[in-house]
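Reading through the structure tokens given below for one structure.
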Amino acid sequence: MEDMKKRKMDDLNNGGDISSTTAENLRSLLDPLSKSLLIDLLSRLGSQYPSIAEEIKTLARADPVHRKLFVRGLAWNTTSETLCAAFQVHGEIEEGAVIYDKASGKSRGYGFITYKHMESAHNALVAPSKMIDGRMAVCNLACEGLTGANATSDLSHRKLYIGGLAPEITSELLLSYFSRHGEIEEGSVAYDKDTNESRGFGFVTYRTAEAAKKAIDDPQKMLGGRMMIVKYADTHKSKTTQAQLPPARAPGPLPAATGYSQPGKVYGGTSPLGYGYPQAMPSYDSYPSPYPGAPIVPAPYPPQPQIPYGQVGMKKESLGFSPPPPVGLGGYPYYHLPKQ
């Protein structure tokens, strides 16, 4: 609080002059400026004043952001020792390591190199592609991300998918064959992580889109006795994604089981397999006996002959139908008692 009051008093004594060259005043002027404006300002001052240029270089050398490289496209069998051996030709290495998966303990295909001096990292970036353990690895500043500043919008027109490779084709043979069309930035054969054997395809990235088009238009695509498939990598990726999607189905009712009728519909199918309607049941004696000493089922009784009976004579009335029986008083039946 006291410091703030003191600064205000100093400003009042100086008449609030913004032309003051104190560090605090200059900082307040630079604070709202954008990063691009500050870079332009320091670049102009460094080119005009050598002392400022040396100060900028000193700060850059101390920051590892200008000394740390990201290396991708490593072979699965590449170790930290072989990685450092490939990059130590450009200068003293402060730290270098291949990144491994914690669960499986296998290489993840990339690593990092940190040089002791900034100039060594810049020398390594002059030729970012390096052949390490039979694969073309590519490096860039780690602060630029996984793809680096060279990953421009035309990458889809420079990266090719190479299919139909013979098992004996190595990354060296692949790059040597396709280098006749132009300078190659990156490329290798795809290998299996577990067996380290070729998967039958690879990728090649050219420096220019014109070189990639020449490789596609070249009618001679024979390598190792096989005709290769050469096309843009983005085209192959989109087709692979579409092939993995299940085909769309139109919504509809679920099919009923064959042979069973549905409510409200006429049954027109056949009986289910193994079920007839009605089912014929075999007789008891047709089943085989499961026991060797089982009793024998007796045969059915023979049919008995019919006994004839004589016919009973019927008295026929001479006048047709017999008269109805007499009825007494009150509807009761009339009984005729014989005379004594």
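Note that the structure is predicted; figures quoted are calculated from it, not measured.
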When you compare the side chain of R226 with that of L165, does any pair of heavy atoms fall below 4.5 Å?
no
What is the distance from atom CG of L223 to atom CD of E168, rounded to the nearest 0.5 Å?
8.5 Å
What side-chain donor-acceptor pairs closer than 3.5 Å can you find for residues 79-88, not counting sequence neighbours?
| from | atom 1 | to | atom 2 | distance (Å) |
| --- | --- | --- | --- | --- |
| T79 | OG1 | E81 | OE1 | 3.4 |
| T79 | OG1 | T82 | N | 3.4 |
| T79 | OG1 | T82 | OG1 | 3.3 |
| S80 | OG | V98 | N | 3.0 |
| T82 | OG1 | T79 | N | 3.0 |
| T82 | OG1 | T79 | O | 2.9 |

Determine the minimum heavy-atom distance between V189 and S198, stating which atoms define it.
CG1-OG, 3.4 Å
Within 6.0 angstrom of K214 NZ, more than 12 heavy atoms from elsewhere:
no
About how many Å separate CD1 of I169 and CD1 of I162, when rounded to the nearest 0.5 Å?
12.0 Å
Fellow cluster residues of M222, listed by chain then number, with links counted only when side-chain atoms sit under 4.5 Å apart:
M227
Atom NZ in K68, atom CG in N140: separation rounded to 0.5 Å?
12.0 Å
Looking at S171 and Y191, what are the two nearest heavy atoms and their distance?
N-OH, 3.6 Å
Min side-chain heavy-atom separation Y232-L160 under 4.5 Å:
yes
Quick check on the hydrophobic clustering: are L26 and L38 connected, directly or via other members, by side-chain heavy-atom contacts under 4.5 Å?
no
Between K221 and I216 the two heavy atoms that sit nearest each other are NZ-O, 2.9 Å
Residues at least two apart in sequence or cross-chain that pass side chain to side chain donor-acceptor pair (under 3.5 Å) with S188, listed by chain then number, are R135
Between M118 and D63, does a side chain to side chain contact (heavy atoms under 4.5 Å, CB included) hold up when you go through it step by step?
CA-CA 9 Å; M118 179 181 62; D63 196 333; over 6 Å; no
Do L173 and I229 land in one hydrophobic cluster if side-chain heavy atoms of ILVMFWY residues count as linked below 4.5 Å?
no
Would you give the length of the straight line joining atom CZ of R158 to atom CD of E210, rounded to the nearest 0.5 angstrom?
10.5 Å
Do the ring centers of F112 and F70 come within less than 6.0 Å of each other?
yes
Using atom types as modelled and distance alone, determine if a side-chain donor or acceptor of R199 lies under 3.5 Å from a backbone N or O of D192.
no
Residues in salt bridge (Lys or Arg N to Asp or Glu O under 4.0 Å) contact with R61, at least two apart in sequence or another chain:
E119
Spacing of I56 atom CD1 and I52 atom CD1 [to the nearest 0.5 Å]
7.0 Å
Donor-acceptor under 3.5 Å (Y206 side chain, F178 main chain):
yes
salt_bridge(K116, E94) N-O dist < 4.0 Å:
no
Nearest 0.5 Å, what's the CG-CH2 distance between D133 and W76?
13.0 Å
Residue pair L141 / V65: nearest heavy atoms and the distance that separates them
CD2-O, 3.9 Å
Residues at least two apart in sequence or cross-chain that pass side chain to side chain donor-acceptor pair (under 3.5 Å) with R27, listed by chain then number, are none
Same apolar cluster: L37 and L29, side chain cutoff 4.5 Å:
no
State, with a plain yes or no, whether a side-chain heavy atom of L30 is found less than 4.5 Å away from one of L41.
yes
In terms of heavy-atom contacts, L175 and M136 come closest through CD1-CE, 3.4 Å
Given the rule that I, L, V, M, F, W and Y join up when any side-chain heavy atoms are under 4.5 Å apart, are I113 and V138 in one cluster?
no
Measure from NZ or CZ of R180 to the centre of the six-membered ring of Y177, then state whether that distance is under 6.0 Å and the direction lies within 45° of the axis.
yes
Quick one: side-chain hydrogen bond (donor to acceptor under 3.5 Å, both in side chains) pairs with a partner in residues 36-60, sequence neighbours left out?
S34-S36
Closest heavy-atom contact between S120 and Y115?
CB-CD2, 3.5 Å
